[in-house]
Amino acid sequence: MKIFLKLTSLSVQGQLYYRTSFLINLLTPVILLCGQYLLWDALYAQQSYAQQSYVQQGAADIGGMSRADMFAYILVAFAVSNLVGWSGENTLAKEIKSGRIVARCTRPAAFLIQTLSELTGTVLIQGVVNLAIVVVGFGCFGRYMKLPSLQAAFLFLPCMFLAVLLRMMVIDVFSLFCFFTTGYLGIAWTRTALFEFFSGAMIPVALFPDYLKTITYFTPFPYMLQVPIAVLLGQELPGSPAFILVMQFIWLILFWMLHCAVYGLARRNMTIAGG
């Protein structure tokens with residue numbers, strides 16, 4: 001644990017050192033967040049106009065989600081999906097392709113511990129910023145959103161912790177695949193596309209067709225974003241909170257096993273000068 005905390009501290013210092021890059025990476029997602037609100041507001045307005053009920057009954061639902069549900073979902077989904085930026089997600093992949101990965105392999109710390117501690121430093125910094133955005137968002141525009149209950153918030157915390165850990169494991173495993181490719185961008189884009197779509201970051205899984213929704217819940221991605229948010233906001237869940245935690249544990253174990261298999265294969269075929 002002492003090594004993990006020390007490496008996490010170094011990661012935090014590295015994130016804060018490049019302030020300009022940090023601010024740029026912060027502002028870009030906020031612009032996209034504003035665009036999402038404008039898009040969904042227009043969709044709800046159009047839906048209400050089509051049903052001729054905008055004035056009498058308020059905004060019509062889309063896929064069973066009211067305007068207040070969707071606006072709350074967008075804000076929390078933004079905070080969760082942007083916990084790890086593009087640069088943080090691809091640090092390990094870049095080191096593999098550049099050869100600098102040998103430094104990790106020779107340090108007196110487990111390879112996975114190094115990766116998780118580095119990502120934890122990124123999550124801590126971005127998490128504080130995102131939490132402030134969520135608090136300000138609910139504080140200023142809470143009358144347009146569905147506010148979570150205190151009980152839901154307590155259930156959300158362990159679910160969110162496992163969701164973040166699962167996402168780190170997914171990033172680690174996908175990055176390790178770069179040992180067997182000539183580049184990392186294709187793998188990075190594939191991982192991002194799978195996460196953005198199947199996690200509910202782009203469109204809530206609750207709006208998917210039934211067949212696609214069923215398929216999605218057999219993947220790890222909704223348990224990183226859609227499911228924790230649904231717990232917080234009291235929305236549709238694939239099972240009980242206990243079932244969700246069990247599923248997250250199962251996926252964590254599977255990706256840990258996959259990490260061991262992929263890293264073991266890569267390590268047996270890696271030659272380090274002087275080793």
Who pairs with [X] by side chain to side chain contact (heavy atoms under 4.5 Å, CB included), at least two apart in sequence or on another chain?
X	value
Thr181	Lys97, Cys178, Ile187
Thr190	Leu194
Ser117	Phe4, Leu7, Thr8
Asn82	Pro29, Phe78, Asn130

Measure the shortest side-chain to side-chain distance between [X] and [Y] over non-hydrogen atoms and say whether it is less than 4.5 angstrom.
X	Y	answer
Phe180	Leu265	yes
Met169	Leu112	yes
Trp40	Ile74	yes
Ile101	Leu92	yes
Pro148	Phe156	no
Val129	Ile133	yes
Leu75	Met145	yes
Pro228	Val80	no

Distance, nearest 0.5 Å, that separates [atom1] of [X] from [atom2] of [Y]:
X	Y	atom1	atom2	answer
Phe71	Tyr37	CZ	OH	7.0 Å
Ile229	Asp69	CD1	CG	12.5 Å
Met224	Leu165	CE	CG	10.5 Å
Arg167	Leu83	CZ	CG	6.5 Å
Leu185	Asn90	CG	CG	7.5 Å
Ile171	Leu176	CD1	CG	12.0 Å

_All side-chain hydrogen bond (donor to acceptor under 3.5 Å, both in side chains) counterparts of Thr115, not counting sequence neighbours_ =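 With neighbours one apart ignored, the set is Arg104.
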*Output all residues satisfying side-chain hydrogen bond (donor to acceptor under 3.5 Å, both in side chains) with Gln114, sequence neighbours left out; order by chain, then residue number.*
Arg107
*Between Lys94 and Glu89, is there a side-chain N and carboxylate O pair less than 4.0 Å apart?*
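Salt bridge absent between Lys94 and Glu89.
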*Output, in order, the C-alpha distance, side-chain angles, deciding distance and verdict of side-chain contact (heavy atoms from CB on, under 4.5 Å) for Gln36 and Leu39.*
CA-CA 5 Å; Gln36 279 188 295; Leu39 172 63; 5.7 Å; no
*Any chance you could pull the hydrophobic cluster mates of Leu150, using side-chain heavy atoms under 4.5 angstrom and chaining through other members?*
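For the cluster that includes Leu150, the remaining residues are Phe154.
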*Mind checking who shares a hydrophobic cluster with Leu131, ILVMFWY linked at side-chain heavy-atom distances under 4.5 Å?*
Val135
*Can a donor-acceptor pair be found between the side chains of Ser175 and Asp172 at a distance below 3.5 Å?*
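Per modelled atom types, Ser175 and Asp172 side chains form no pair under 3.5 Å.
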*List the steps and the verdict of side chain to side chain donor-acceptor pair (under 3.5 Å) for Gln226 and Tyr73.*
CA-CA 9 Å; Gln226 166 75 36; Tyr73 181 92; 2.8 Å; yes
_ring pair (Phe, Tyr, Trp, His ring centres under 6.0 Å) contacts in which one or both residues fall within residues 97-152, not counting sequence neighbours_ =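 Those involving residues 97-152 are Phe111-Tyr263.
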*Are Val136 and Leu233 connected, step by step, through hydrophobic side chains (Ile, Leu, Val, Met, Phe, Trp, Tyr) whose heavy atoms are closer than 4.5 Å?*
no
*Determine, using the 4.5 Å side-chain heavy-atom cutoff (strictly less than), whether Leu38 and Ile31 are members of one ILVMFWY cluster.*
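Looking at the clustering, Ile31 is in a separate group from Leu38.
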*asked:* Once salt bridge (Lys or Arg N to Asp or Glu O under 4.0 Å) is applied, what residue pairs with a partner in residues 217-233 remain, sequence neighbours excluded?
replied: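 Those involving residues 217-233 do not exist here.
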*Carefully, step by step, assess Val123 and Met168 under the rule side-chain contact (heavy atoms from CB on, under 4.5 Å).*
CA-CA 10 Å; Val123 168; Met168 290 180 181; 3.7 Å; yes
Would you list the atom pairs, donor with acceptor, under 3.5 Å between side chains in residues 202-213 and any protein atom, with sequence neighbours excluded?
residue: Lys213; atom: NZ; partner: Glu236; partner atom: OE2; Å: 3.4

_Steps toward side-chain contact (heavy atoms from CB on, under 4.5 Å) verdict (Tyr44, Met65)_ = CA-CA 10 Å; Tyr44 275 98; Met65 292 185 68; 3.9 Å; yes
*side-chain contact (heavy atoms from CB on, under 4.5 Å) between Phe195 and Ser81, worked out*: CA-CA 9 Å; Phe195 173 78; Ser81 63; 4.1 Å; yes
Which pairs would a plain distance check flag for residues 241-256, meaning a side-chain donor or acceptor within less than 3.5 Å of a matching protein atom at least two apart in sequence or in another chain?
residue: Gln248; atom: NE2; partner: Cys159; partner atom: O; Å: 3.1
residue: Gln248; atom: NE2; partner: Tyr223; partner atom: O; Å: 3.0

_Minimum heavy-atom separation for Ala79 and Val134, please, with both atom names._
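Nearest heavy atoms, Ala79 then Val134: CB-CG2, 3.5 Å.
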